[in-house]
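Quick note on labels: first sequence line is chain A, next is B, and so on, each numbered from 1.
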Amino acid sequence: MKVKVISRSVDDFTRERSQDLQRVFRNYDPSLRTQEKAVEYVRALNAVKLDKIFARPFIGAMDGHIDGVSCMAKNPTQLKWIFSGAMDGDIRLWDIASRRTVCQFPGHQGAVRGLTVSTDGRMLVSCGTDCTVRLWNTSADNIMELSNSTKNSVEPASVHVGKNAYLAVDHQWDSELFATAGAQLDIWNHNRSEPINSFQWGSDSVISVRFNPGEPNLLATSANDRSIMLYDLRMVSPVRKMIMMTKTNSIAWNPMEPINFTAANEDGNCYSYDARKLDEAKCVHRDHVSAVMDIDYSPTGREFVTGSYDRTVRFFYYNSGHSREIYHTKRMQRVFCVKFSGDGSYVISGSDDTNLRLWKAKASEQLGVVLPRERKKHEYHAAIKKRYMHLPEVKRIERHRHLPKPIYKAATLMRAMSDARKRKEERRKAHSAPGSVTTQPLRRRRIIKEVE
Amino acid sequence: MPETKRKHRDETNHRRGHSKPNKNARKKKKTGPRLPSSLQKELDRLNPTTSIEIDQDIDSADGDAAERELLPQDFYEYEEQHAEEESKKNKRYDPGSVDQLQYDLPIERSDESEDEIIQSDDDNVDDDDDGMERTGDAADGDSSEEGDGRHTRMLQGITGMPSEAFEGKKKRKMKDDVIPELYPESEYNPSRDVVDGDGQISIDDLLNPLQDNPGFGKLRKRIQQIENNSKAIHAPLRTADQAKVERKAAYEISKKEVTKWQQIIQRNREAPTLLFDENIDLGFSTVGAIASEFEPRTEFERKMAALVSDDKVMEAYKKDAYDAWQVSVEEEKDRQSRIAKMRSLLFRHEMKAKRIKKIKSKTYHRLLKKDRLKTEYSNIQMDPEAAKEFVMKQERLRAEERMTLRHKNQNLWAKRILTRGLNSQDEGTRAAIADQLQRHAELTRKMHSMKDSSSSSDDSSDGDDEDAGSDQEMGSKVVGKAIEKTMKVIQDDHETPKSGLLSLPFMRRGLEKSKKAAVEEANLALQEYKDSKKKLENSVGSEGPEATSISGRRVFGASKTQISDAGDKVKSDYNYGSSDSEDDLRASKNGNIETQGSNVLQKDVNTDAVLIQEDTDNHQESVFKDFNEIVKNPGPKTTYEVSLFVSDTWKKARNRDEKGTNVKKSAMPSGPVRQDIKDTEKEVEEDSDTDSEGQMVDGILTSGSKLSYELPSQEELIRQAFAGDDVEDEFEKDKMEILNVENPEPEKPVLLPGWGQWTHVQKKKGLPSWMLKEHENARKKREEAIKKRKDAQLKNVIISEKLDKKAEKLHTKALPFPFTSKEAFEQSMRVPIGPESNPATAIGPLNRPEVVKRPGVIIKPIQFEEVNPHEKAEQRRGDKHRSKKNKGSGGRSMKKTTA
């Protein structure tokens, strides 16, 4: 006779340490758990609600400037240091961890309009409306020494004076070159007092410049003539120009996808372009109700943050038409600059109210040390939320945001306007000969032409 | 006009040298991106180069000058460094200076080509033929058209004639190949007719006169060479156009450069997870490493460092440390040997203990114990200390016993055994318990022995008491024995046979019944014994009223009242199988309570009830179930009973109004038998007479009536049954109601004076037309909706189209974006991903987020790496882990920073 005995190995049930969890052996036969889907749906719902409860994105404000913050620069080697320039010519280095000023960089006579740091973090470049480009030595040792001593300000390493005001500056990745934008685009070297190269195409001033971090020889600028221009430092001339209906305030390249960049436009939308096909935007990111002033990609390349004249900061996925998150506070005024932190988990915004604000990139993310079990739980919640996000209840809770009244009203108004336009177009189409009226998709509508 | 002339001359000149430039163009391709020859010709025509033509000075003089500066110096023409005026202008058409022209022409050509090459070098376009050509194409098309337009416009401006005139002229000109002459014909300016048959001057023509000159051979050779290697030269574009072309080319190049990222981007986008937390350089790994990085900054630190790293100090320290830990070799050896010895001893002892413990022999252990006791005893005797200890031990044991009463059947085991009954235990247990008790006694006796004598006198007095009540005691003892025996009987009869005839279910049931009866009997007996015991304990002579009531009764009388509850219960439970005697018993019990007369009556009733019960019982089991039933009306107290039969004879059906409760009780068990055959019920009703009271109905059904009654068909029965109510009609009504609820009827237009109309119009016409129209529309819409309903065609069905709100929550309104079909969407949510339904190894991959990054780790921008585009997706899936690793290492190199 065969006797069946339940046999279990001791090893399976023995804990290595007394703190270890008891192992639970389960039968994973789905026929035993017929309600599992329903259970997960409820869990997803709860997770979404919990997200709402834990959504506390604002970490703190950094107070110290006495005029609106016009530009910021993050140190590529230091996570906790961020530079900010104000409209009164003040440049400060902030320690994000303690939210205090580490030191100041006095010298600019007018507004500081551009700040950038070299890839090794040793050189800060600033430029402003006083027609000067200033280079500051910001190596870690230098700063540490400064913070230890009583003196709290730095002398510029060199000052270059130009003919026109400078409106933007950006540093090339992993090299000594940087570009300033003003009346024309100048390429500088750290060690030279004169620009090594200048580009000019059209007569309007260039208002923003951004190097492509993945493909360091490419850079994009936007100008007052509503154009976006591409340059390649290996070429003698500018590469391509594209003119839109409204001005582009800022440009950000996707750090993980060097062919793509996103332009923050005056019309409140952001347009993602493929640098190879400028006749059509890849994606139009709508939601802001006023001009988008600045844009910065997360280092993961999966999302970007925008700061707008409508006093809000919004987050977009790189491929979504609408924002996933909006941040606003009562005291935050026009946002002029935004930056993702180097690890992609924080965002810093600088606004007209002279403050820098530190936000979490994910509103309900748990800060501090997350234990492995906690992390697993978070991951599970995120997964089921993603799985059930299309169901109406989950979607509703996830998307619901409280908005300041003016923004809510403006958004409603804009929606009504766009609806009306669409309706009118449809009617016009319906009442004319087939094929005689064509509608341009929004991706193409705002582009006037591509200039060779 | 001169301009036009010049242009045309250019054109013709160009045509003259038709074959050569073409060849040259082909050759040029090798050096860099060039326009196709035809287009270039067009370009040349429109943007005339002056290099070939003699009149270089006219418009592009400065440009040419610049070009000329770049000329290589090995051409002797430029070594001569003639003034431009001298070399060209002044002797332009002088046949005497033909040699000048001769040299000029080929050299210039080659110069131009050189120039071009330089330009292309600047552009960095050496290896991008296609791009250049394509862009060149477009540019040329544009520029030629533009040029044409401008030309005609200019002509228009000058002459004031419409542009068509010029266009025609141009065409004609092109056909006729007319060469307008700028200079008057003369021997110095020979027309083409004069010089040659076709009016074209070739190089040969110019060379011929020089044949006699000394350097001619050399010159000829040189020209030959140049002719063979010569290339076409083109005019530079206008700066704007030039820039445009350059930009185009540059854009193409940078486009191409950027396209290399395509594969990487696609791979990253398709990857389920992007990992940014791999390859983290933690920097300092140990405390030592961190400490080694320390650099003294402040003065104090520097001083400290100087002291710490001072050689003398270090040496002294080391020496000290060495001395402190110095141990002689002998000492160490000694210590080790000592320890080893101890260890071996311990080990041996251990082994011995183990061996002894393993021995199973009882005798051995007994002997061992004896030995031990002996030694102990001897110890006690020998050693006063040991004796003292022993006494102390005993004392302690006693004290413990007194406190805990451990051996007085107080522990769990003993309690359990006692509750189960000592008698049911086996010998061993009993012996163990006895043993315990004995032990207890022993321990306590010692206590007694230590006490004074007063307790003993108590004991004796107790014994006296016992003696006094000895006869009583004897009786009670006997009774106790009886009780014990009955208990035993009760407890013993519990096991039922598992096999054989007795294990059959009905047999078992029977057995159980009989056993229950026996138990009951035994209980009775027990009670009796107890009573008697009590009585014995009380005075023997006194008899309670109960005893008197017992007198004159049957055997069970005495205890009945006392056990009435239990007996009652038993009866009510088992009255099916109860015997006559039991009935009697009950009756007599009832009789106890009530009067004699009523008792008799009730006895009758009871027997009747029992009879009926028996009958019903039989019928339940019988085949004829249909008509045999007892129907009870739901009304209070109203009970009617159909008395049924087995044979053809009538059974009496009696009205039991007064004893309703009793009857009810008896009828209860048959309740479940009630069947819902309404027709029979009806018939019964019809047949039965109604009582005057209206409460009771006696339904009587006989076999005689059955014989005369023809069983109707099923349909007929149903029709008869539902004769009164129109179900279909009701159903339709219901359906209409639901329809109205789900598609409500539009409200009738109501006239509200002063609303929606001017009052005077309203007066005249009644309801306004728009109201009527609206109403009509609504009505039509409703009809449509009703027609569209799923149950519109189904007469007997109502399909509600009201949405289930709870279910609604679990459905999306439309198919969500990335999904292409409903099935795919549902599939995506089908398999649960939680830890309850997946093993731990699967949860990680199932729940992994799209982006895995670690807070505090700076993510650097992407770096280029080669991706094999033909790598199969399956392969990648298979080697997911590996590829991810690769990605992490190549794509994103992270660096830990101190944040």
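Only the backbone of Ser828(B) comes within less than 4.5 Å of a heavy atom of chain A; no side-chain atom from C-beta onward does. Within the 4.5 angstrom heavy-atom criterion, only side-chain atoms of Val851(B), from C-beta onward, approach chain A. For chain B, no part of Ile96(A) is nearby; none of its heavy atoms comes within less than 4.5 Å. For Trp173(A), the part sitting under 4.5 Å from any heavy atom of chain B is the side chain, from C-beta outward, and nothing else. Proximity to chain A (any heavy atom under 4.5 Å) is shown, for Thr298(B), by neither the backbone nor the side chain. For chain B, no part of Tyr297(A) is nearby; none of its heavy atoms comes within less than 4.5 Å. The part of Glu850(B) that comes within reach of chain A is its side chain, from C-beta onward, which places non-hydrogen atoms under 4.5 angstrom from that chain. Only the side chain of Asn260(A) comes within less than 4.5 Å of a heavy atom in chain B; its backbone stays farther off.
Counting heavy-atom pairs under 4.5 Å between each of Lys376(A), Glu215(A), His381(A), Glu365(A) and chain B puts Glu215(A) at the top.
Residues Gln262(B) and Thr259(B) bring no donor and acceptor atom of their side chains to less than 3.5 Å of each other. A donor-acceptor contact under 3.5 angstrom links the side chains of Asp29(A) and Ser31(A), judged on distance only. Judged by distance alone, the side chains of Gln366(A) and Arg375(A) never bring a donor and an acceptor atom under 3.5 Å apart.
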Between Tyr380(A) and Arg43(A), does the side chain to side chain donor-acceptor pair (under 3.5 Å) criterion hold? Intermediate values first, please. CA-CA 10 Å; Tyr380(A) 175 54; Arg43(A) 276 184 195 158; 2.8 Å; yes
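For the side chain to side chain contact (heavy atoms under 4.5 Å, CB included) test, residues two or more places apart in sequence or in another chain that qualify with Ile265(B) are Glu257(A), Pro258(A), Ile259(A), Trp261(B), Arg269(B). Partners of Val451(A) according to the side chain to side chain contact (heavy atoms under 4.5 Å, CB included) rule, which considers only residues two or more places apart in sequence or in another chain, are Trp201(A), Lys241(A), Ile243(A), Lys449(A). A search for salt bridge (charged side-chain N to carboxylate O under 4.0 Å, His left out) contacts involving Arg302(A) returns nothing, not counting sequence neighbours.
Side chain of Asn838(B) to main chain of Gly834(B): a donor-acceptor pair is present (N/O by atom type, distance under 3.5 Å, no hydrogens or angles).
When each of Lys395(A), Glu398(A), Arg399(A) is paired with Met389(A), the side-chain contact (heavy atoms from CB on, under 4.5 Å) condition holds for Glu398(A) and for no other.
Considering only heavy atoms from C-beta on, Val245(B) comes within 4.5 Å of Leu237(B) through its side chain.
When the heavy atoms of residues 807-816 of chain B are compared with those of chain A, the residues falling under 4.5 Å are Glu808(B), Lys809(B), Leu810(B), His811(B), Thr812(B), Pro816(B), listed by number.
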